[in-house]
Amino acid sequence: MCGIIGHVGDSDAIDTLITGLENLEYRGYDSAGVAVQNGSGIAIQKRSGRVSELKESIEDRPLKGRVGIGHTRWSTHGPPTDENAHPHTNSTTDVAVVHNGIIENYAELKARLERKGHEFTSDTDTEVIPHLIQQYLDEGVENETAFRRAIDELEGSYAVAVMVSGEHALYAARRGSPLVVGVEDDEFFLASDVPAFLEYTDEVVYLEDGDVAIVRPDGVEFTDLGGNPVSRDLETVNWDPEQTGKGEYDHFMLKEIFEQPTSLAQAIEGRTDPETEAVHLEGFGPGTFDGVETVQLIACGTSYHAALYGSLVLNQAGIPSRALLANEYSVCAPPVDEETLVVAVSQSGETADTLSALREATAEGAQTLTVTNVMGSTAAREADDSLLIRAGPEIGVAATKTFSSQAVVLELLAHRLTCDVLGTSPFDLESFLPELDRLPGRLEGLLESTDARAIARRYQGSQSYFFIGRGLGYPVALEGALKFKEITYEHAEGFASGELKHGPLALVTPETPVFAVFTGQEDEKTLKNAEEAQTRGAPVVAVCPDDHRATEVADAHLEIPPTNPELAGLLANVQLQLVSYHAADLLGRPIDKPRNLAKSVTVE
Ligand code: F6R
């Protein structure tokens, strides 16, 4: 979490920095700040609150400069106050620093610096960095040497960008937190993520752990911390800058829900051929997974629900598979060996919990693969292989389109795996592939005709919201509940429908609507479970096709087009996303930036 941005070039830095921070606000929105070289030194404005408040304050008291850094914060050390906002400086404001990550040895460094007379003004771990640099500058070394020595003392994770008064350059380093350089002729950008500067350039260089980048008006130098040159490729990102704006929509979340016909079409494009009943996953030809005996899918949050979806498909096909919460992995991972494939599922590819589980699996000798939306992300680079979900940038903190793309790509992966390992597909390809092809179109129809807002209004003010499903409907129920609680702040819970009677039924009242997901797998049982709740007074909302028997029993209905059981849950999920969205909208919640959350969770 936290987003950092930097700019070096001929044009004024402030607009670029503010735009970058607006595009990075999904990474944290507790406070925001910028610093520029204004000709006579470093000028800073920073404050608690949103980037929009910082922008207003800069309009009142303009800042100017061609070299600058900026930060949007998700608090870890210290509350979201003006003092704790980045950039942080040394006491004479000669060094300004923005940082994403956690400096684990900051207390010890701070105590040492305080003994030497340094005075600190914030509770943050970051503030030790400008003071360390100052300490080395006071010894008379060059800016670059002072920067390298200070970084060398840090333990923990960081992406940092540093400015020293009077020098038109940015010093940057990464370890464990993402950092990417953007290049557009003689304009250079530094950021935690590409959308920060995508409207200026799509030419990027991803830094690797241990890299240092020194950005000057005439170019960027990449080295290791010791100063030895390293070679890093310039890559072109095929994301459209339009995708990073809200367009005609009130919220990114709604825009991203409506983008799903496109993002799903992108996820499968060129990868399936219904006519020849073939699946081609680039880089994963037949035989790739020969010898794999078990699969573990590791992920967090929404990605975990997609991982669970993938693992259920694999289990149903006969490949022993488990979805595991990445943050639990270090305590209770099932054993792995070289016949185990560990699949990290992560939209961002930067989630600290997932990275740490991936590293553990690698150390234990498993084969590893990352399924991600971000080319060049840490998880993509650290795993043996990576597979892109091609959903395009997702800015809303609540994951929507990436869930459906993850699930579909995991289904294609499951096909490759089971073909290699068992010699057969988990699907009846003759019907599955044409249905997969039709999925984007079916989704378009659903989005045009949904009753989700009316349903959200009808059950507004309920005490609690339950979501149930069986088989592939179970991860969809979990995801429905996560989305609902995340953006409405109302209590919601997802259950395997058969579990309701083993305890949760005690909570059921007329004030607890139950959303029941029907996928075509053992629907009669799910309907029975829904009726058990209904008998106890709970209104039931059936998420199913129009001609489904559940519509005769349920109190309300959210329609999904008929399709294969392996795809029905994805359509149901979109209806549930819409219910959450509208329920949150009716409550006036800040949908794209739910309280206390950030999109990319880079702390464990
Ligand atoms: C919820 C949500 C989170 C993320 C989770 C993992 O809407 O977005 O639960 O799914 O933080 O993030 P990634 O997929 O980036 O690893």
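Computation of the quantities below employed the complete heavy-atom set of this structure, encompassing side-chain atoms and omitting hydrogens, waters and symmetry-equivalent molecules. Bear in mind the structure is a predicted one, so any value in this text is a computation, not a measurement. Note that ligands are numbered from 1 as they come in the structure, with each ligand's atoms numbered from 1 the same way.
Summarising the local packing, CZ of R232 is surrounded by more than 12 heavy atoms from other residues, nucleotides or ligands at distances under 6.0 Å.
The proximity of T402 to ligand 1, defined as any non-hydrogen pair under 4.0 Å, does not occur for either the backbone or the side chain.
With ligand atoms numbered from 1 in the order given, ligand 1 contributes 7 (O) to contacts under 4.0 Å with heavy atoms of A398.
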Show the numbers, then the answer: is there a side chain to side chain donor-acceptor pair (under 3.5 Å) between T526 and R470? CA-CA 7 Å; T526 305; R470 180 178 297 265; 3.2 Å; yes
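Y581 and H251 have perpendicular rings, their planes meeting at more than 60° on a 0 to 90° scale where under 30° would count as parallel.
Using a distance-only test at 3.5 Å, with no hydrogens or angles considered, a donor-acceptor pair links the side chain of K401 to the main chain of A391. The main-chain N or O of G396 is never found under 3.5 Å from a side-chain atom of D592 such that the two would form a donor-acceptor pair. Not a single donor-acceptor pair under 3.5 Å links the side chain of H71 to the backbone N or O of A85. Using a distance-only test at 3.5 Å, with no hydrogens or angles considered, no donor-acceptor pair links the side chain of Q575 to the main chain of T450. Between the side chain of Y489 and the main chain of A584, no donor-acceptor pair closer than 3.5 Å is present.
The closest protein non-hydrogen atom to atom 2 (C) of ligand 1 is T302 OG1, 3.7 Å. For atom 14 (O) of ligand 1, the nearest non-hydrogen atom of the protein is S303 OG, 2.5 Å. In terms of protein heavy-atom proximity, atom 6 (C) of ligand 1 is nearest to C300 O, 3.4 Å. Scanning the protein heavy atoms around atom 12 (O) of ligand 1, the nearest turns out to be T351 OG1, 3.4 Å. For atom 11 (O) of ligand 1, the closest heavy atom belonging to the protein is V601 CG2, 4.0 Å. In this structure, atom 15 (O) of ligand 1 lies nearest to the protein heavy atom S348 OG, 2.6 Å.
Checked against a 3.5 angstrom limit, the closest N/O atoms of A399 and ligand 1 fall inside it. Residue-to-ligand polar distances place E486 within reach of ligand 1: an N/O pair is separated by less than 3.5 Å.
Distances from atom 8 (O) of ligand 1 to the heavy atoms of V374, I487, V397 show the closest one on V397.
Note on ligand 1: K483 sits in its first shell, one or more heavy atoms being nearer than 4.0 Å.
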